[in-house]
Number of protein chains: 2
Amino acid sequence: MTAADGRQDARVDTLVDPSLDAAVTVVENGFETDRLVTLFGRCKVDYDGRASSTLGLGDRHVMCKPDGSILVHTDEGQQPVNWQPPGCTHEASREEDRLRIESERSSPEERLTVEFEQVSQVSTFAVDDATELSLDGTEEDLRNRILEEPDLVEPGFTPLATERDTAAGAIDIFGEDADGRTLAVELKRKRVGPDAVGQLDRYVDALRRDLHDDAEIRGILVSPSVTDRAADLLERNGLEFVSLTPRK
Amino acid sequence: MTAADGRQDARVDTLVDPSLDAAVTVVENGFETDRLVTLFGRCKVDYDGRASSTLGLGDRHVMCKPDGSILVHTDEGQQPVNWQPPGCTHEASREEDRLRIESERSSPEERLTVEFEQVSQVSTFAVDDATELSLDGTEEDLRNRILEEPDLVEPGFTPLATERDTAAGAIDIFGEDADGRTLAVELKRKRVGPDAVGQLDRYVDALRRDLHDDAEIRGILVSPSVTDRAADLLERNGLEFVSLTPRK
DNA sequence: CTATTAATCTCGAGA
DNA sequence: TCTCGAGGTTAATAG
């Protein structure tokens, strides 16, 4: 039931409690044929790159993807305990009585090494997935909601541009109020802290310098709500807030 | 080789191309005995909660952890295409000719549903892992490096407190320079953008108001480097920068 | 629970 | 490549 048996075209190729040589063969074949490869067993993990870490012996689940990413999972946590991003090159090798998986990339230089003392299962999967995720409730939904009904920000608001560039970055919605004053609108899909206020403040500042006219420029933060500190900071910087969610 | 065969104590329990009933049995038994459960096959995924999403038919790898988290992976990307955080309750059921995995939690109300049209493999694993990850190269390492050798910030720098509270949040290192002036140091383990400068600026502002004396207060950002926009913002706000990494 | 910040954040867009 | 900002960010920590 391994690649050596000529079944490399099967959607699934699995060995339970394999010999080391058989495991290496299946993993290498999986890498070569762009399959999703998983291993489970007792292993140590070392990482060195942007930071460095060590993880002693324990049972973990390792997933190597054909795009070059690798994920090491324990039995808890949503996040992998160790990982490597897409674009790495994987290698499997037998080192005496251990199976070693190495994943490497450059810029930045990063290396992950998993050394299995015992392999309980090896699998490779042929993945056929053309479908893309469709997500809503995003910041884009909030923007569309406002562009369809600008009065939600305030009566008389007229959007003139989205992603308008300034020296400090792009303003989500740029426009005019009912009195013709310039309006910079910063959108956040959920409750925000002081960071978002700082962002809006930098945009309004940049606008004032870019336009170097003395016309009043208003900055409005649109989000479901703000924290107390964010409210303070809005107040102190003469910025405004409108409560709005991305949906309905 | 399933739980029904009395092998539920084996470290690995795997079925390839199982019948739906057998798959449901293995998965349910895995949930009940706190094992790590994985499935691979053709499925649809729906999520509704903080946002909502749909994912059409395709091959995916699903991992259910005994802590209540669930991860749905495609063949690309380091991140799962769908997931649920720890603390959810999982259920497996047969719905006509499909296998359904449901994961739910409250506060916030969130639900993930995976519906398998075809199951190519089911596995459950007994995970024994007492080891914890040891990581370095973090912001804490940078702080320790400076506390051991304050002159790295500048000759004569004297740290007086860490995490000193202000109205705007905690200052990483609070101290005095050689001339007795108050110094607020903000630490970042890697290259930073304008957000970190905004943070430091808020702290220095808050300090000036908290101490309401006219003594000069200096703000110093310590990180490996800064972006151009961050450098501009430092300059405009009268803040300083010292280049330092967490390591060596 | 809320609030705040770090992260080997990841990811995608844009220059 | 770097930079910048979004994210169902997640995770840890404090209150």
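We use all heavy atoms of the structure for the numbers below, so side chains are in, but hydrogens, waters and symmetry mates are not.
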Length of the line joining B:Ile173:CD1 and C:dT5:P, which is rounded to integer Å: 16 Å

B:Leu187 CG to C:dA6 P: how many Å, rounded? 9 Å

Any chance CD of A:Glu235 has more than 12 other-residue heavy atoms, nucleotides or ligands included, within less than 6.0 Å? no

Does the A:Arg60 side chain pair with the main chain of A:Cys43, one donor and one acceptor, at a distance under 3.5 Å? yes

Considering only heavy side-chain atoms of B:Arg50, the closest of D:dG7, C:dC9, D:dT10 is D:dT10

Closest approach of B:Ser223 and B:Phe241, non-hydrogen atoms and distance? OG-CE1, 3.3 Å

N or O in side chain of A:Arg105 less than 4.0 angstrom from C:dT8 OP1/OP2: no

Using the P atom as the reference point in each nucleotide, state the distance between D:dG8 and D:dC4 in Å, no decimals. 22 Å

Using every non-hydrogen atom in the two residues, find where A:Leu221 and A:Leu200 come nearest and quote the distance to one decimal. N-CD2, 3.6 Å

Identify whether the distance between the nearest side-chain nitrogen and carboxylate oxygen of A:Asp48 and B:Arg247 falls below 4.0 Å. yes

Who pairs with A:Asp177 by side chain to side chain donor-acceptor pair (under 3.5 Å), at least two apart in sequence or on another chain? A:Arg181, A:Arg218

Distance check, C1' atoms only: D:dG7 and D:dA11, in whole angstrom units. 14 Å

Taking atom P of D:dG8 as reference, at what distance in whole Å does atom CG of B:Leu112 sit? 14 Å

Below 3.5 Å is the cut-off: list the nitrogen or oxygen pairs between protein and nucleotides 13-15 of chain C, distance only.
none

Within this structure, what is the CD-to-P distance between A:Glu163 and C:dG12, rounded to whole angstrom? 17 Å

Take atom CD in B:Glu91; do more than 12 heavy atoms of anything else shown fall under 6.0 Å from it? no

Dot-bracket, DNA chain C: Watson-Crick or G-U, under 3.5 angstrom, [ ] crossing, | other strand? |||||||.|||||||

Do B:Glu102 and B:Arg111 sit within salt-bridge range, that is, some charged N less than 4.0 Å from a carboxylate O? yes

What I want to find out is whether B:Asp59 reaches B:Arg42 closely enough, with some N-O distance under 4.0 Å, to be called a salt bridge. yes

Specify the separation, in whole Å, of atom CZ of B:Arg189 and atom P of C:dT5. 18 Å

Side chains of B:Phe157 and B:Ile146: does their closest heavy-atom pair fall under 4.5 Å? yes

Within the structure shown, what part of the strands sits under 4.0 Å from A:Thr138 by heavy-atom distance: base, sugar-phosphate, or nothing? sugar-phosphate

Within a strict 4.5 Å, meaning less than it, do heavy atoms of the A:Leu142 and A:Thr245 side chains meet? no

Atom pairs under 3.5 Å, N or O on each side, protein against nucleotides 3-5 of chain D: can you list them with distances?
residue	atom	partner	partner atom	Å
D:dT3	OP1	B:Arg191	NE	3.0
D:dT3	OP1	B:Arg191	NH2	2.0
D:dT3	OP2	B:Arg191	NE	2.7
D:dC4	OP2	B:Thr227	OG1	2.7
D:dG5	OP1	A:Tyr203	OH	3.3

Atom pair distance, as rounded to whole Å: CD1 in B:Ile171 and P in C:dT4: 16 Å

Checking B:Glu110 now: which residues fulfil side chain to side chain donor-acceptor pair (under 3.5 Å) with it, not counting sequence neighbours? B:Tyr47, B:Arg50, B:Arg105

Check every strand shown and say whether B:Ser107 touches a base, only sugar-phosphate, or nothing at a heavy-atom separation below 4.0 Å. sugar-phosphate

Counting only heavy atoms and a strict 4.0 angstrom limit, can you tell me which residues of residues 71-91 of chain A come near DNA chain C? A:Asn82, A:Trp83, A:Pro86

